[in-house]
Amino acid sequence: MTDKQDNKLAMYRAVIAHLTISAEIIATRPALTAKLAKFQTMVSTIPPLAALQADQPKGVVVEKNKALAAMATAAIAVAGAVQSYADEKHMDALLGKVSITESQFRNGRQQNRITRAQQVHDAAATVVADMADYGLTAATLQDLQEKITTATTALSTPRSAAAAKKAATKQLPAAFKSADRILIKQIDPLLPQFKESEPAFYEKYQAARIIIDRGSRSTPGVAAPETTAA
């Protein structure tokens, strides 16, 4: 969120807190109680959007790289075992499927690395029953497959996170605009009724409706232009 949006959200929360603790007073105006509930619901949509917008993909990228590295390590070990076996047995077709260099697993397009790892896995699966002496077992292949699956999922995560962040950035202004409309057009107009009958309640509401910025300046929320747009 921007500083302006963050300051406005703080004002929203102050208004909600004041009206909530004044439930007995606003209960005399059922419409006001209903408007408060609607306002709370709209305001509650803002923090999740802000969290998505603030999400930093750096950690996601780190996890993706770790998953790819773990997959590469497992695939290289399996490929080496099968290469040794295939060469001894003169199984040229099998040898061709697993003759993949370490640099191919460590570099190049990430999706290609996953494809190569799956190729190694599938090739090894055809001879795993005869490869216990080479350190290759069904458990070894299962571990490799799990690492391939993890890397595949991790590969799509940064893109999904970026898309979610972009969507949240677009949705936040609309959420603030909707909250402003409820507050300014539906709740504010009901408060003058309490100015004489409940002066303390009314004055505290006016205080809650002030937007305070980081520079300690204050902007009256009621009828102020900046309260009508996020």
Side-chain angles (χ1 to χ4, degrees), residues 1-64 154 156-230:
M1 290 194 298
T2 64
D3 288 345
K4 182 178 179 181
Q5 289 172 333
D6 191 52
N7 294 333
K8 183 176 285 189
L9 179 59
M11 179 271 288
Y12 290 164
R13 287 169 169 163
V15 167
I16 290 171
H18 175 58
L19 293 179
T20 299
I21 63 175
S22 305
E24 292 185 5
I25 295 176
I26 68 171
T28 63
R29 303 294 188 277
L32 182 54
T33 301
K35 301 298 183 186
L36 172 60
K38 189 163 88 169
F39 182 58
Q40 285 178 297
T41 298
M42 179 53 63
V43 172
S44 71
T45 68
I46 294 175
L49 290 174
L52 284 173
Q53 184 193 46
D55 184 41
Q56 298 298 318
K58 183 177 179 180
V60 174
V61 172
V62 169
E63 291 303 312
K64 177 197 69 175
S156 65
T157 301
R159 184 176 299 176
S160 299
K165 183 172 183 176
K166 183 177 180 180
T169 299
K170 289 183 177 180
Q171 293 169 21
L172 266 173
F176 274 98
K177 185 175 181 179
S178 296
D180 278 340
R181 183 175 182 83
I182 297 170
L183 184 60
I184 297 170
K185 300 293 185 179
Q186 299 178 31
I187 294 179
D188 284 350
L190 295 175
L191 268 294
Q193 300 180 41
F194 299 96
K195 188 171 184 178
E196 292 188 1
S197 60
E198 299 288 347
F201 164 74
Y202 178 81
E203 291 302 325
K204 287 180 181 179
Y205 179 82
Q206 300 307 313
R209 283 290 278 114
I210 293 174
I211 300 174
I212 302 174
D213 67 19
R214 291 185 176 184
S216 299
R217 293 172 297 169
S218 62
T219 303
V222 180
E226 57 265 43
T227 64
T228 60

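Bear in mind that the values here come from a model prediction, so they are computed numbers and not experimental data.
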Enquirer: Specify the closest pair of heavy atoms between L49 and T45, including all atoms of both residues, with the distance to one decimal.
Expert: CG-O, 3.4 Å
Enquirer: Could you pull out the closest heavy-atom pair between I46 and A175, with the gap in Å?
Expert: CG1-CB, 3.9 Å
Enquirer: Considering non-hydrogen atoms only, spot the tightest contact between A208 and M11 and give its length.
Expert: O-CG, 3.3 Å
Enquirer: Can you tell me how far the CZ atom of F39 sits from the OG atom of S44, to the nearest 0.5 Å?
Expert: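 Here the rounded value is 10.5 Å.
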Enquirer: Do the side chains of K8 and D180 get close enough for a salt bridge, i.e. N-O under 4.0 angstrom?
Expert: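 So K8 pairs with D180 through a salt bridge.
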Enquirer: Any side-chain to backbone donor/acceptor pair from E203 onto A200? Under 3.5 Å, distance only.
Expert: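 Such a contact is absent between E203 side chain and A200 backbone.
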Enquirer: Evaluate the ring planes of Y205 and H18, with Trp represented by its six-membered ring, and classify them as parallel (under 30°), tilted (30 to 60°) or perpendicular (over 60°).
Expert: tilted
Enquirer: Of the non-hydrogen atoms in I26 and L19, which two are nearest, and what is the gap between them?
Expert: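 Closest approach of I26 to L19: CD1-O, 3.6 Å.
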Enquirer: Measure the NZ-CE distance between K177 and M42 for me, rounded to the nearest 0.5 Å.
Expert: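 Between K177 NZ and M42 CE, I get 12.5 Å after rounding to 0.5 Å.
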Enquirer: Is it true that D188 and R209 make a salt bridge, defined as a side-chain N closer than 4.0 Å to a carboxylate O?
Expert: yes
Enquirer: State the NZ-CD1 distance between K38 and I187, to the nearest 0.5 angstrom.
Expert: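 The distance works out to 9.0 Å.
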Enquirer: Restricting to non-hydrogen atoms, name the atom on V43 and the atom on A179 that form the minimum distance, rounded to 0.1 Å.
Expert: CG2-CB, 4.4 Å
Enquirer: Quick one: does N7's side chain have a donor or acceptor within less than 3.5 Å of a partner on D3's backbone?
Expert: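 At least one qualifying donor-acceptor pair exists.
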Enquirer: Just one of Q186, Q40, R29 clears the side-chain contact (heavy atoms from CB on, under 4.5 Å) bar with K35, so which one?
Expert: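 With K35 as partner, side-chain contact (heavy atoms from CB on, under 4.5 Å) holds for just one option, Q186.
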Enquirer: For the residue pair F194 and Y202, is the inter-centroid distance of their aromatic rings smaller than 6.0 Å?
Expert: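 F194 vs Y202: aromatic centres not under 6.0 Å.
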Enquirer: For the CG atom of D6 and the CG atom of D213, what is their distance to the nearest 0.5 Å?
Expert: 11.5 Å
Enquirer: Let me confirm one number: the CD-OG distance from Q171 to S178, rounded to the nearest 0.5 Å.
Expert: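 Q171 CD to S178 OG: 11.5 Å, rounded to 0.5 Å.
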Enquirer: For the pair S22 (side chain) and I25 (backbone), establish whether a donor and an acceptor sit closer than 3.5 Å, ignoring hydrogens and angles.
Expert: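 Flag not set: sc S22 to bb I25 has no pair under 3.5 Å.
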Enquirer: How close do F176 and L9 get, counting heavy atoms only, and between which atoms?
Expert: CE2-N, 4.1 Å
